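All values below come from the heavy atoms of this structure, side chains included, with hydrogens, waters and symmetry mates left out. Only a predicted model underlies this, so the values are computations on that prediction, with no experimental measurement involved.
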Amino acid sequence: MTGRPLQLDGLSWEHGGRPRALNPGLLSVAAGRVGVVLAEDAGDANAFADVLLGRAWPVRGRILSGREEVTSLPSRERGVALVPAGGGLLPHLTIEQNIVFGLRGRDGKGHRYGKDFLRGQVRFITDRLDLDVPLDRRPYDLSADQRLWVAFARAMCHWRRPNAVLVEDRAGHPPCHSVVGRSLAAFPHLPVLVVGDEGDRIETLGAPSARWEVVDADGP
(Lines give C-alpha, C1' and ligand atoms only; values in the text may rest on other atoms or scores of the structure.)
Protein backbone atom coordinates (compact mmCIF):
# COMPACT_ATOMS: atom_id res chain seq x y z
CA MET A 1 0.00 0.00 0.00
CA THR A 2 1.37 3.40 -1.00
CA GLY A 3 0.94 6.21 1.48
CA ARG A 4 0.58 9.94 1.08
CA PRO A 5 2.95 12.47 2.62
CA LEU A 6 1.69 14.99 5.14
CA GLN A 7 2.58 18.58 4.24
CA LEU A 8 2.00 21.90 5.98
CA ASP A 9 2.90 24.79 3.70
CA GLY A 10 3.35 28.27 5.21
CA LEU A 11 0.93 27.48 8.04
CA SER A 12 0.33 30.10 10.73
CA TRP A 13 -2.23 30.39 13.51
CA GLU A 14 -2.91 32.27 16.74
CA HIS A 15 -2.42 31.15 20.31
CA GLY A 16 -2.96 33.42 23.29
CA GLY A 17 -3.10 36.43 21.00
CA ARG A 18 0.31 35.60 19.50
CA PRO A 19 0.75 34.73 15.82
CA ARG A 20 2.48 31.34 15.61
CA ALA A 21 4.12 29.42 12.78
CA LEU A 22 6.54 26.59 12.04
CA ASN A 23 10.26 26.92 11.45
CA PRO A 24 11.16 25.84 8.79
CA GLY A 25 7.98 27.03 7.07
CA LEU A 26 7.40 23.87 5.01
CA LEU A 27 6.67 20.69 6.95
CA SER A 28 6.78 17.49 4.94
CA VAL A 29 6.69 13.99 6.43
CA ALA A 30 6.82 11.11 3.99
CA ALA A 31 4.93 7.84 4.37
CA GLY A 32 6.65 5.57 6.85
CA ARG A 33 8.74 8.37 8.34
CA VAL A 34 8.59 10.33 11.60
CA GLY A 35 8.54 14.11 11.92
CA VAL A 36 8.73 16.08 15.15
CA VAL A 37 7.21 19.45 16.04
CA LEU A 38 8.53 21.01 19.25
CA ALA A 39 6.32 23.64 20.89
CA GLU A 40 7.05 26.12 23.68
CA ASP A 41 4.70 24.47 26.19
CA ALA A 42 1.66 22.20 26.38
CA GLY A 43 -0.76 24.98 25.45
CA ASP A 44 1.34 25.90 22.44
CA ALA A 45 1.48 22.25 21.35
CA ASN A 46 -2.27 21.82 21.79
CA ALA A 47 -3.00 24.92 19.70
CA PHE A 48 -0.93 23.54 16.82
CA ALA A 49 -2.58 20.12 17.10
CA ASP A 50 -6.03 21.73 17.02
CA VAL A 51 -5.20 23.41 13.70
CA LEU A 52 -3.89 20.19 12.20
CA LEU A 53 -6.93 18.23 13.41
CA GLY A 54 -9.42 20.80 12.13
CA ARG A 55 -10.54 21.99 15.56
CA ALA A 56 -9.29 25.52 14.89
CA TRP A 57 -8.70 27.63 11.79
CA PRO A 58 -5.26 28.69 10.62
CA VAL A 59 -4.54 32.32 9.75
CA ARG A 60 -2.87 31.33 6.51
CA GLY A 61 -1.19 28.42 4.79
CA ARG A 62 -2.23 24.98 3.60
CA ILE A 63 -2.52 21.46 4.99
CA LEU A 64 -2.12 18.72 2.40
CA SER A 65 -2.45 14.95 2.45
CA GLY A 66 -0.62 13.90 -0.67
CA ARG A 67 -1.98 16.16 -3.41
CA GLU A 68 -5.29 16.75 -1.62
CA GLU A 69 -5.66 19.97 0.33
CA VAL A 70 -7.58 19.37 3.55
CA THR A 71 -7.19 22.80 5.19
CA SER A 72 -10.92 23.59 5.09
CA LEU A 73 -12.19 20.06 5.76
CA PRO A 74 -13.85 19.27 9.10
CA SER A 75 -12.08 16.96 11.54
CA ARG A 76 -14.15 13.92 10.60
CA GLU A 77 -12.94 14.07 6.98
CA ARG A 78 -9.21 14.58 7.49
CA GLY A 79 -8.24 11.06 8.48
CA VAL A 80 -5.65 12.15 11.04
CA ALA A 81 -5.47 9.44 13.71
CA LEU A 82 -4.78 11.03 17.11
CA VAL A 83 -2.95 9.33 19.97
CA PRO A 84 -3.36 11.72 22.94
CA ALA A 85 -0.66 12.18 25.55
CA GLY A 86 -1.02 9.40 28.09
CA GLY A 87 -3.59 7.66 25.89
CA GLY A 88 -6.68 9.54 27.05
CA LEU A 89 -8.55 6.31 27.79
CA LEU A 90 -11.85 6.29 29.67
CA PRO A 91 -11.19 4.60 33.02
CA HIS A 92 -14.74 3.28 33.52
CA LEU A 93 -14.72 1.36 30.22
CA THR A 94 -13.01 -1.95 29.46
CA ILE A 95 -10.13 -2.08 27.02
CA GLU A 96 -12.44 -3.47 24.33
CA GLN A 97 -14.99 -0.70 24.93
CA ASN A 98 -12.25 1.92 24.74
CA ILE A 99 -11.00 0.56 21.42
CA VAL A 100 -14.42 0.73 19.75
CA PHE A 101 -15.40 4.02 21.41
CA GLY A 102 -14.85 5.95 18.16
CA LEU A 103 -17.31 3.64 16.38
CA ARG A 104 -20.17 4.30 18.76
CA GLY A 105 -23.45 5.42 17.22
CA ARG A 106 -24.20 4.94 13.53
CA ASP A 107 -22.21 4.59 10.34
CA GLY A 108 -22.34 6.95 7.36
CA LYS A 109 -25.55 5.31 6.12
CA GLY A 110 -27.38 5.74 9.41
CA HIS A 111 -27.06 2.07 10.44
CA ARG A 112 -26.19 1.28 14.03
CA TYR A 113 -23.10 -0.89 14.40
CA GLY A 114 -23.86 -4.35 15.71
CA LYS A 115 -21.93 -6.17 18.43
CA ASP A 116 -20.52 -8.71 15.97
CA PHE A 117 -19.16 -5.94 13.77
CA LEU A 118 -17.56 -4.19 16.73
CA ARG A 119 -15.98 -7.41 18.01
CA GLY A 120 -14.65 -8.07 14.52
CA GLN A 121 -13.07 -4.63 14.42
CA VAL A 122 -11.38 -5.24 17.75
CA ARG A 123 -10.01 -8.61 16.64
CA PHE A 124 -8.73 -7.17 13.38
CA ILE A 125 -6.94 -4.18 14.88
CA THR A 126 -5.48 -6.01 17.89
CA ASP A 127 -4.09 -8.70 15.56
CA ARG A 128 -2.70 -6.06 13.21
CA LEU A 129 -0.96 -4.28 16.09
CA ASP A 130 0.04 -7.53 17.84
CA LEU A 131 -1.73 -6.08 20.87
CA ASP A 132 -1.60 -8.69 23.61
CA VAL A 133 -3.67 -7.06 26.36
CA PRO A 134 -6.69 -8.39 28.31
CA LEU A 135 -9.71 -6.84 26.64
CA ASP A 136 -11.96 -7.25 29.67
CA ARG A 137 -9.71 -5.23 32.01
CA ARG A 138 -9.71 -1.49 32.74
CA PRO A 139 -7.00 1.00 31.69
CA TYR A 140 -5.57 1.23 35.21
CA ASP A 141 -4.68 -2.48 34.99
CA LEU A 142 -2.27 -1.79 32.11
CA SER A 143 1.23 -0.39 31.91
CA ALA A 144 1.81 3.11 30.53
CA ASP A 145 2.99 1.73 27.18
CA GLN A 146 0.00 -0.60 26.94
CA ARG A 147 -2.39 2.29 27.49
CA LEU A 148 -0.78 4.12 24.58
CA TRP A 149 -1.09 1.04 22.40
CA VAL A 150 -4.79 0.79 23.22
CA ALA A 151 -5.21 4.48 22.37
CA PHE A 152 -3.52 3.81 19.04
CA ALA A 153 -5.83 0.85 18.40
CA ARG A 154 -8.82 3.10 19.14
CA ALA A 155 -7.53 5.67 16.65
CA MET A 156 -7.10 3.01 13.97
CA CYS A 157 -10.61 1.68 14.57
CA HIS A 158 -12.02 5.18 14.19
CA TRP A 159 -10.05 5.79 10.98
CA ARG A 160 -10.05 2.57 9.03
CA ARG A 161 -8.39 4.47 6.19
CA PRO A 162 -6.22 7.01 8.00
CA ASN A 163 -3.92 9.37 6.13
CA ALA A 164 -1.52 10.21 8.97
CA VAL A 165 -0.87 9.60 12.66
CA LEU A 166 -0.53 12.47 15.14
CA VAL A 167 1.11 11.48 18.43
CA GLU A 168 1.11 13.86 21.38
CA ASP A 169 4.11 13.81 23.69
CA ARG A 170 3.73 15.95 26.81
CA ALA A 171 5.79 16.55 29.93
CA GLY A 172 4.14 14.80 32.86
CA HIS A 173 2.97 11.89 30.70
CA PRO A 174 4.81 8.69 29.71
CA PRO A 175 7.00 9.06 26.58
CA CYS A 176 5.36 8.16 23.27
CA HIS A 177 8.31 6.22 21.82
CA SER A 178 6.76 2.75 21.92
CA VAL A 179 3.58 3.76 20.09
CA VAL A 180 5.62 5.48 17.36
CA GLY A 181 7.54 2.25 16.77
CA ARG A 182 4.34 0.21 16.74
CA SER A 183 2.78 2.57 14.20
CA LEU A 184 5.74 2.32 11.83
CA ALA A 185 5.74 -1.47 12.10
CA ALA A 186 2.00 -2.02 11.60
CA PHE A 187 1.24 0.85 9.19
CA PRO A 188 4.46 1.61 7.25
CA HIS A 189 2.46 3.56 4.64
CA LEU A 190 1.49 6.31 7.11
CA PRO A 191 3.46 9.43 8.04
CA VAL A 192 3.83 9.95 11.80
CA LEU A 193 4.03 13.41 13.34
CA VAL A 194 5.02 13.75 17.01
CA VAL A 195 4.06 17.03 18.70
CA GLY A 196 5.97 17.63 21.93
CA ASP A 197 6.57 20.34 24.49
CA GLU A 198 9.91 19.26 25.97
CA GLY A 199 13.12 19.17 23.94
CA ASP A 200 14.96 16.60 26.09
CA ARG A 201 12.17 14.06 25.63
CA ILE A 202 12.11 14.62 21.88
CA GLU A 203 15.87 14.07 21.69
CA THR A 204 15.42 10.53 23.03
CA LEU A 205 12.92 9.65 20.29
CA GLY A 206 15.75 8.48 18.05
CA ALA A 207 16.34 9.84 14.58
CA PRO A 208 13.21 11.47 13.16
CA SER A 209 13.38 12.33 9.46
CA ALA A 210 12.96 16.04 10.24
CA ARG A 211 12.23 18.45 13.07
CA TRP A 212 10.33 21.74 13.27
CA GLU A 213 9.76 24.28 16.01
CA VAL A 214 6.73 26.44 16.79
CA VAL A 215 7.89 30.07 16.72
CA ASP A 216 6.47 33.60 16.55
CA ALA A 217 5.10 34.24 13.07
CA ASP A 218 6.22 37.24 11.03
CA GLY A 219 3.58 39.84 10.27
CA PRO A 220 -0.01 40.06 11.56
Can you tell if the side chain of V34 reaches within under 4.5 Å of the side chain of V194, non-hydrogen atoms only?
-> yes
Close side-chain approach of L166 to L53, heavy-atom, < 4.5 Å = yes
Which atom of A164 lies closest to which atom of L190, heavy atoms considered | N-CD2, 4.1 Å
How far apart are the closest heavy atoms of D197 and D41, and which atoms are they?
-> CB-C, 3.5 Å
Side-chain heavy-atom pair R154, L89 within 4.5 angstrom cut-off | yes
P58 side chain reached by T71 side chain, heavy atoms, under 4.5 Å = yes
In Å, rounded to the nearest 0.5 Å, how long is the span from CD of E96 to OG1 of T126?
-> 9.0 Å
Report yes if some heavy atom in the side chain of V133 is under 4.5 Å from a heavy atom in the side chain of V150; otherwise report no.
-> yes
Would you please test D141 and R138 for salt bridge (Lys or Arg N to Asp or Glu O under 4.0 Å) and show each step?
-> CA-CA 6 Å; D141 294 319; R138 298 294 194 274; over 6 Å; no
Got a sec: does the CG of D132 have more than 12 other heavy atoms crowding it under 6.0 Å?
-> no
Decide yes or no on side-chain hydrogen bond (donor to acceptor under 3.5 Å, both in side chains) for R170 and N46, but give the supporting numbers first.
-> CA-CA 10 Å; R170 300 286 187 273; N46 292 341; 2.9 Å; yes
Minimal heavy-atom distance between A31 and H189, with the atoms involved, is CB-O, 3.2 Å
Non-hydrogen side-chain atoms of L8 and F48 separated by less than 4.5 Å = yes
Between F187 and R182, is there a cation-pi geometry (under 6.0 Å to ring centre, at most 45° from the normal)?
-> no
Are the side chain of N163 and the backbone of S65 linked by a donor-acceptor contact shorter than 3.5 Å?
-> no
Determine yes or no for a side-chain-to-main-chain donor-acceptor pair under 3.5 angstrom, with N98 supplying the side chain and T94 the backbone.
-> yes
Over all heavy atoms of both residues, which pair between M156 and A81 is shortest? Give the atoms and the distance, please.
-> CE-CB, 3.3 Å
Quick one: does R78's side chain have a donor or acceptor within less than 3.5 Å of a partner on L73's backbone?
-> yes
Backbone N or O of A186 within a donor-acceptor pair of the R128 side chain at under 3.5 Å?
-> yes
Minimal heavy-atom distance between Q7 and S28, with the atoms involved, is NE2-OG, 3.3 Å
L129 and F152, any side-chain heavy atoms less than 4.5 Å apart = yes
Heavy atoms of S178 and W149 approach each other most closely as OG-NE1, 3.2 Å
Approximate separation, where rounding is to 0.5 Å, of I99 CD1 and L93 CG | 11.5 Å
If you measure from CG on N23 to CG on D218, what distance do you get to the nearest 0.5 Å?
-> 9.5 Å
D9 side-chain N/O to L27 backbone N/O, donor-acceptor pair under 3.5 Å = no
